[in-house]
Amino acid sequence: MLVQDTVAKEIKQILDITEVSFNIPPKREMGDFSTAVSLAQAKRLKKPPIQIAEEIKEQLAGINLPFIREISVTTPGYLNFKIDHPAYVQSVMQQVFKEKDAYGRSKSKKRLKVLIEHTNVNPNKAMHIGHIRNAIIGDTVSRTLRASGYNVEVCNYIDDTGVQVADVVVGMLYMYAPVYGVDTTDLADIWAKYDTSQSFDYWCWDLYARVQEEYEKYADLRKRREEVLHELESHKGPIAEFGKEVATKIVHAHLATVARLNIFYDLLNWESDILERGFWKTAFEKLKQSGAVVYETKGPNAGCWVVRYGRGLVQTKDGVRSEDKILVRSNGTVTYTGKDIAYQMWKFGVLENDFLYKLWGIQPNGQELFTTAPDGEQMDRFGHAGRVINVIDVRQSYAQQIVYQSLRKLGYVREAKNSEHLGYEIVVLSASAAAELGEQSEDVDQAGIQAMSGRKGLGVKADDLLNRMIERLMEKVEKRETAEILAAAAVRYFMSRFGINKMIVFDFNEALRTTGDTGIYIEYAHARACSILAKAGKIDFTKVSTPEKVTVPEMNLIRIIEEYPSVLERSGKERSPSGLARYAFDLASAFTDYYENPDPEAEERVPFIKIKDPELRAYRLSLVAAFRQTLANVMNVLGIVPLERI
RNA sequence: GCGCCUGUAGCUCAGCGGAUUAGAGCAUCUGACUUCGGAUCAGAGGGUCGGGGGUUCGAGUCCCUCCAGGCGCGCCA
């Protein structure tokens with residue numbers, strides 16, 4: 001518990017208010033922290049702030065506040081507090097050493113089950129850096145919520161029946177000889193087209209882009225797409241099976257890519273299983289019964305089943321539109337939104353239908369991964385969440401809101417309230433990155449920024465980014481394993497640093513940097529601390545005493561260490577990886593500052609391990625140990641593997 | 001037309017519920033270990049926090065308004 005918290009509690013009681021904020025005084029002699037609460041309350045209490053401050057001071061003096069040594073009042077009414085440094089340092093360090101890996105984690109187990117879905121990449125080509133942002137945000141938030149005590153279930157939705165997969169299937173079956181159905185019906189012949197010198201997801205990346213070009217030229221190929229899409233949706237027959245095989249192969253590739261980034265899941269949810277298990281049929285019946293969906297007999301949506309929204313007809317730049325949301329088209333097919341409503345209901349366990357499940361495999365971290373499957377078995381451990389978080393980019397905000405509002409109209413008010421769209425801005429390419437990828441800038445905006453495009457095959461593949469980083473790191477690192485972990489740290493940190501609704505303008509120089517505010521810096525600080533501790537030998541940190549005088553760098557470091565539990569809690573509540581990334585950097589900086597200059601008043605700087613005075617030596621090293629533990633804990637939440645050596 | 005997001009140093013970004021002198025990193029310049037990891041550290045220059053109003057003793061932060069940019073508002077997926 002922060003020192004400030006106990007003070008805040010007392011002040012809240014004294015003034016009968018709900019919030020008290022603290023800050024650091026401009027001059028250190030004034031105190032370790034201060035509050036301007038009496039200035040804020042002056043108007044309400046109709047008293048001069050300085051008088052209020054004096055009164056609070058009087059009352060606080062009568063209470064035994066832990067670690068508070070002195071309280072003073074300065075004009076125009078600030079309350080300044082001085083901390084009993086040695087006792088405080090001692091207390092924080094002992095807490096870290098006692099709790100170890102659990103330091104910072106919430107002590108209370110929460111019963112709420114949180115289902116978080118992320119990644120959700122179309123299984124038709126290699127992942128790019130935009131997909132990686134999604135997976136990293138989702139994984140970091142999952143880890144944060146777990147650390148906050150929640151029961152978290154991580155799902156990854158696989159759209160194996162959509163047009164994107166259909167396009168790749170079209171490409172494989174019909175674009176080059178032998179053409180399926182004409183030259184052959186043997187799928188082995190089709191698979192022979194795959195040039196195995198490339199990984200399958202990379203090969204599909206190019207194929208997908210080429211198919212898009214061909215569609216422009218050949219109408220009959222576009223017709224093939226309709227057929228294939230229909231076949232995939234029917235989830236029966238050789239083409240559907242082939243599509244599933246293609247998608248499965250790509251999913252394996254995607255899982256391998258994200259595993260490099262230390263990202264794992266509990267369950268893969270396949271669209272084909274949502275279709276097969278009749279989710280929509282059940283949801284549609286419920287929607288009709290509730291009256292939330294109505295059949296339109298006239299107007300622009302005649303022949304469709306719609307949910308009524310907004311103001312009916314509305315003016316947009318593309319002409320007049322109905323704001324009502326169509327769930328079933330006039331040709332009888334279901335829209336994406338319709339299927340999404342059914343799926344969201346499953347997540348909360350309010351749809352009678354359920355998937356069948358089977359084990360997909362054991363992930364590199366040892367965790368079991370399950371998948372929905374037509375030939376699986378019943379299990380009751382999945383879904384039935386109390387809260388659902390969908391990590392999807394911000395362009396889907398409107399569609400997500402429609403889904404949640406539809407749930408409400410259906411009568412699932414609680415579920416609607418507990419549905420959360422974790423929207424993040426997309427990753428785009430800087431002018432130089434686009435140029436490097438060989439894109440002639442046609443439709444770029446003024447800054448030369450360019451959106452990635454799977455259709456054009458324009459984008460930075462996730463594996464390429466990691467590989468380039470590794471290549472750069474190998475100049476200074478001996479083992480490839482180490483470079484792999486460092487590269488993952490760098491990429492995860494890079495993607496986490498940005499606020500969630502900040503567009504990332506991707507630039508190679510910036511992303512591949514190894515100095516300054518980077519994941520490498522974090523790893524380096526950790527490895528350095530490990531190295532010092534290894535050289536120091538065995539010390540019983542639980543028996544270390546703190547000197548009378550705590551230096552400024554020591555105090556800065558310990559205060560940041562102490563902040564960790566509250567930072568973790570806040571990051572969880574705000575679903576904010578960037579707060580954790582910032583904290584990790586601040587913590588590492590405070591350590592290097594302490595390491596470089598632990599006592600600014602000392603005449604000479606002596607390395608910790610060579611300090612003569614055994615008590616001071618043990619104390620300095622125990623701070624290193626407490627730092628190392630705390631940093632390792634944040635790194636774990638950020639999904640970064642702490643290295644002991646680089 | 002409506003809705004959401006963004007605008008802070010040359011560049012990329014932090015800045016929680018208002019609080020004393022707006023912070024980092026990169027880039028530029030100047031420095032620093034015969035001892036713990038130089039992927040580091042110390043220092044310098046660089047800002048009317050998009051503009052304008054307002055609330056407040058006090059605003060990058062709250063409110064209004066305008067400007068610029070991005071995204072969204074399909075019987076597309």
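By convention in this document, chain letters (A, B, ...) are assigned in the order of the sequence lines, proteins followed by strands, and residues within each chain are numbered from 1. No experiment lies behind these values; they were computed from the predicted model shown.
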Using the six-membered base ring of B:rA77, report whether A:Tyr336 stacks on it, requiring centroids under 5.5 Å and planes under 30° apart.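 Yes, A:Tyr336 stacks on the base of B:rA77.
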By a 5.5 angstrom centroid cut-off and a 30 degree plane limit, is there stacking between A:Tyr78 and B:rU20?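 Yes; centroid distance and tilt both under limits.
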Taking NZ, NE, NH1 and NH2 as the nitrogens, is one of them in A:Glu227 or A:Lys223 under 4.0 Å from a carboxylate oxygen of the other?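 Between A:Lys223 and A:Glu227 there is no salt bridge, as every charged N stays at least 4.0 Å from the carboxylate O atoms.
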So that I can tick it off, tell me whether A:Arg620 and A:Glu554 are bridged by a salt bridge, with the cut-off set at under 4.0 angstrom between side-chain N and carboxylate O.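 Yes, A:Glu554 and A:Arg620 are salt-bridged.
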Describe the nucleic acid contact of A:Glu523 in one word from base, sugar-phosphate, nothing, applying a heavy-atom distance below 4.0 Å.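 Since no nucleic acid heavy atom lies under 4.0 Å of A:Glu523, the category is nothing.
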Need one value for A:Ala302: base, sugar-phosphate or nothing, where a base atom within 4.0 Å counts as base even if backbone is also close, heavy atoms only.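 Touches a base.
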Considering only the [atom1] atoms, how many Å lie between [N] and [M], rounded to the nearest integer?
N: B:rA59; M: B:rG53; atom1: C1'; result: 13 Å
N: B:rG51; M: B:rA9; atom1: P; result: 10 Å
N: B:rG47; M: B:rU8; atom1: C1'; result: 8 Å
N: B:rC26; M: B:rU40; atom1: C1'; result: 16 Å
N: B:rA44; M: B:rC5; atom1: C1'; result: 37 Å
N: B:rG17; M: B:rG25; atom1: C1'; result: 27 Å

For [N], which nucleotide in any strand shown is its Watson-Crick or wobble partner with both distances under 3.5 Å?
N: B:rG45; result: none
N: B:rC4; result: B:rG70
N: B:rC16; result: none

Mind checking whether A:Tyr564 and A:Tyr583 have ring centres under 6.0 Å apart?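 When the ring centroids of A:Tyr564 and A:Tyr583 are compared, they turn out to be within the sub-6.0 Å range.
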Pair A:Glu271, A:Tyr157 - check side-chain hydrogen bond (donor to acceptor under 3.5 Å, both in side chains), show working. CA-CA 7 Å; A:Glu271 174 68 23; A:Tyr157 162 83; 2.5 Å; yes
In terms of the angle between their ring planes, are A:Phe608 and A:Tyr595 parallel, tilted or perpendicular, with boundaries placed at 30° and 60°?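 A:Phe608 and A:Tyr595: perpendicular rings.
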Do the rings of A:Tyr594 and A:Phe591 sit parallel, tilted or perpendicular, given the 30° and 60° boundaries?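 It falls in the tilted class, 30° to 60°.
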What are the atom names and distances for every N/O pair under 3.5 Å that joins the protein to nucleotides 58-62 of chain B?
none

For a quick check, with a 4.0 angstrom heavy-atom cut-off, what is the B/S/- contact string for nucleotides 35-40 of chain B, read 5' to 3'? BBBSBB
Protein-proximity profile, nucleotides 5-14 of chain B, B/S/- by nucleotide at the 4.0 Å heavy-atom cutoff, equals SSS----SSS
How many Å lie between CZ on A:Phe585 and C1' on B:rC41, as a whole number?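 The answer, rounded to whole Å, is 12 Å.
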